[in-house]
Amino acid sequence: MHITIVPIHEANDDIIFFEEKSCTEFGNVQLIPKGEELIVYIGIGQDSLTLEDIRFLGGISRKSLTNAKEDAAVSAEFSLIMNRAENPELGQVISSFMEGWYLAEYQFSSYKRAPKLNQLTMRWEEESLREYDHAARIRANAVNLARDLCNEPANKLTPTTYAERLKQVFHETDVTVQVIDGDELVSNEFAGIHTVAKGSSEPAKLVVLTLARDASKEKIALVGKGVTFDSGGTNVKTGKDIGEMKMDMGGSAAVAGAMKLLADSNTAANVVAILPLVENLADGNAFLPSDIIRYRNGLHVEVGNTDAEGRLILADGLLYAQLLGAKTIVDIATLTGSIGSALGLKAAGVFSNAESDLWHYKQLGDQTGDYVWPMPVYDDYLHYLKSDCGDVNNMSSSPYGGAITAALFLKQFVEKGIKWVHIDMANTVRPWREQGYYVPGASGFGVRLLFEMVRSELAQSQI
């Protein structure tokens with residue numbers, strides 16, 4: 001079977017095949033068999049298309065062919081999409097379409113006997129177009145790595161198995177993998193990681209991924225929260241969807257995917273990724289509210305709430321990134337429910353001590369489909385983090401602005417002169433709707449955004 005994908009709009013003569021003009025609406029699909037050929041008509045329905053729209057069309061096209069014959073050959077006519085896209089470059093259009101196609105193919109079926117989606121072979125009439133297809137596959141593979149990690153059950157992805165998985169993923173790449181654990185965590189003053197992990201029988205791990213293709217470039221650090229399951233600790237969670245807490249390592253998954261993308265795309269960068277991996281559980285050894293933690297920078301933190309553990313381990317990551325010489329640090333975490341209350345489920349919050357760059361990050365999010373919205377970091381709100389017996393409390397005394405006070409807590413671990421960006425992705429670890437190229441399970445949020453942020457920092461440093 002030969003499959004042709006044809007984008008249509010109202011000015012297109014192909015409308016004669018349909019009884020209703022609703023087929024021209026964005027993403028509406030009609031399948032018309034013609035002998036040995038299957039024509040997939042997909043509606044445009046908009047005056048202009050963004051690259052994210054084109055990714056969605058790619059995903060919708062792939063989903064529409066779920067029941068197509070196995071090993072079918074597929075060709076795609078991109079001319080109409082190309083002419084209506086905001087960016088008319090054919091390469092970007094093809095790459096975006098195929099990125100959506102490959103992302104829509106994703107299934108997490110490791111523990112299911114159900115058959116997987118049919119594999120469709122894309123046929124390119126021009127050999128030169130394969131490079132765009134290849135670039136799309138690399139990007140989708142990186143996002144799907146993050147999806148895989150987030151979708152794993154808590155008993156399958158522990159700090160130990162996570163660290164081993166990362167060794168396998170980066171085994172034949174330019175990324176080196178270092179694992180710090182056991183007594184070494186204590187002797188090297190990773191106080192937050194050690195403290196949070198005390199209540200679990202699973203030992204904590206700190207994984208450091210290093211890609212130093214160009215050591216002459218200024219070092220950039222990516223720090224990702226890796227709580228493989230968060231029960232809340234002593235302040236135990238009571239929500240009905242506590243199973244979702246297997247995805248509380250979504251930030252670390254985004255960082256792992258971004259490092260995979262940087263490696264596979266041959267980006268000449270000097271990047272270190274720091275992934276603190278813990279379980280936050282409560283047994284007789286667990287840390288308690290009112291405990292004091294002393295960090296390597298001398299700051300004493302009072303534990304106001306053991307369910308605010310993510311910021312405690314991220315603090316270690318931020319401090320270690322600076323110890324390794326990073327001048328720019330981006331941390332990403334499923335940190336607060338408050339960010340979802342502020343922004344809903346489509347966009348993550350982005351904070352920084354370089355506020356002038358925030359709208360640039362929003363633009364990168366719009367381009368990649370990993371949407372972010374600028375948020376403030378008000379130093380005045382340190383009032384809410386006061387501690388009676390320490391320098392700072394890990395929990396705000398106010399019920400308002402929780403995402404801001406969490407970011408402000410992290411800022412206390414960033415030295416002057418260091419550029420710091422914080423992404424709170426708690427509301428985006430799953431897609432807000434299973435539309436376009438999104439499928440059941442994790443979204444893979446943050447991989448493409450972090451990749452483009454690193455590339456943007458590299459470009460800035462060359463100016």
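Just so it is clear, the values below take in all heavy atoms, side chains as well, and ignore hydrogens, waters and symmetry mates. Sequential numbering from 1 along the given sequence is applied to the chain's residues.
- Rounded to the nearest 0.5 Å, atoms NZ (Lys327) and CD (Glu415) are 8.0 Å apart.
- For the residue pair Glu452 and Tyr361, no side-chain donor N or O sits within less than 3.5 Å of a side-chain acceptor on the partner.
- The ring-ring contact (aromatic ring centres under 6.0 Å, His included) check on Phe190 picks up Tyr320, with sequence neighbours excluded.
- Judged purely by atom type and a 3.5 angstrom limit, Ser200 has no side-chain atom pairing as donor or acceptor with the backbone of Leu281.
- Formation of a donor-acceptor pair under 3.5 Å by the Thr173 side chain with backbone atoms of Phe170 is found in this model.
- Defined by atom type and a distance below 3.5 Å, a donor-acceptor pair is present between the side-chain atoms of Thr161 and Thr158.
- Without hydrogens or angle criteria, Asp391 side chain to His300 main chain gives a donor-acceptor distance under 3.5 Å.
- Ion pair Arg139/Asp264 not flagged as a salt bridge, since none of the NZ, NE, NH1 or NH2 atoms sits closer than 4.0 Å to an Asp/Glu carboxylate oxygen.
- Counting only N and O atoms by type, the side chains of Glu218 and Asn270 include no donor and acceptor under 3.5 Å apart.
- The backbone N or O of Val303 lies less than 3.5 Å from no partner atom in the side chain of Asp291, so there is not a single donor-acceptor pair.
- The cationic group of Lys198 does not satisfy the cation-pi geometry with Phe287, failing either the under 6.0 Å distance to the six-membered ring centre or the 45° limit from the ring axis.
- Of the possible donor and acceptor atoms, one in the side chain of Asp370 sits under 3.5 Å from a partner among the backbone N and O of Leu449.
- The two residues Ile329 and Ala321 make their nearest non-hydrogen contact at CD1-CB, 3.8 Å.
- Cys150 SG to Glu244 CD: the interatomic distance, rounded to the nearest 0.5 Å, is 10.5 Å.
- For Lys167, the salt bridge (charged side-chain N to carboxylate O under 4.0 Å, His left out) partners at least two apart in sequence or on another chain are Glu164.
- Tyr102 carries Arg137 over the face of its six-membered ring, with the cationic atom under 6.0 Å from the centre and within 45° of the normal.
- When the salt bridge (charged side-chain N to carboxylate O under 4.0 Å, His left out) test is applied to Asp388, no partner is found at least two apart in sequence or on another chain.
- Every residue two or more places apart in sequence or in another chain was checked for a ring-ring contact (aromatic ring centres under 6.0 Å, His included) with Phe229, and none qualifies.
- When only modelled atom types and interatomic distance are considered, His422 and Ser352 share no side-chain donor-acceptor pair under 3.5 Å.
- Ionic pairing of Asp133 and Arg130 is not present here: no N-O contact between side-chain nitrogen and carboxylate oxygen is shorter than 4.0 angstrom.
- Put simply, the side chain of Asn353 gets close to the backbone of Trp420: a donor and an acceptor are under 3.5 Å apart.
- At a threshold of 4.0 Å, the pair Glu99-Arg448 counts as salt-bridged, since one of the basic side-chain nitrogens sits closer than that to a carboxylate oxygen.
- Residues satisfying the ring-ring contact (aromatic ring centres under 6.0 Å, His included) test with Phe445, not counting sequence neighbours, are none.
- Every residue was checked against the salt bridge (charged side-chain N to carboxylate O under 4.0 Å, His left out) condition with Asp148, not counting sequence neighbours, and none meets it.
- Side-chain atoms of Gln322 come within 3.5 Å of backbone atoms of Leu318 as a donor-acceptor pair (strictly under, hydrogens ignored).
- A side-chain donor-acceptor contact under 3.5 Å links Ser187 to the backbone of Asp183.
- Because its NZ or CZ atom is both nearer than 6.0 Å to the ring centre of Tyr106 and within 45° of the ring axis, Arg147 counts as a cation-pi partner of that residue.
- Using a 4.0 Å cut-off between charged side-chain N and carboxylate O, Asp230 and Lys246 make no salt bridge.
- With no hydrogens or angles considered, a side-chain donor-acceptor pair links Tyr162 and Ser252 at under 3.5 Å.
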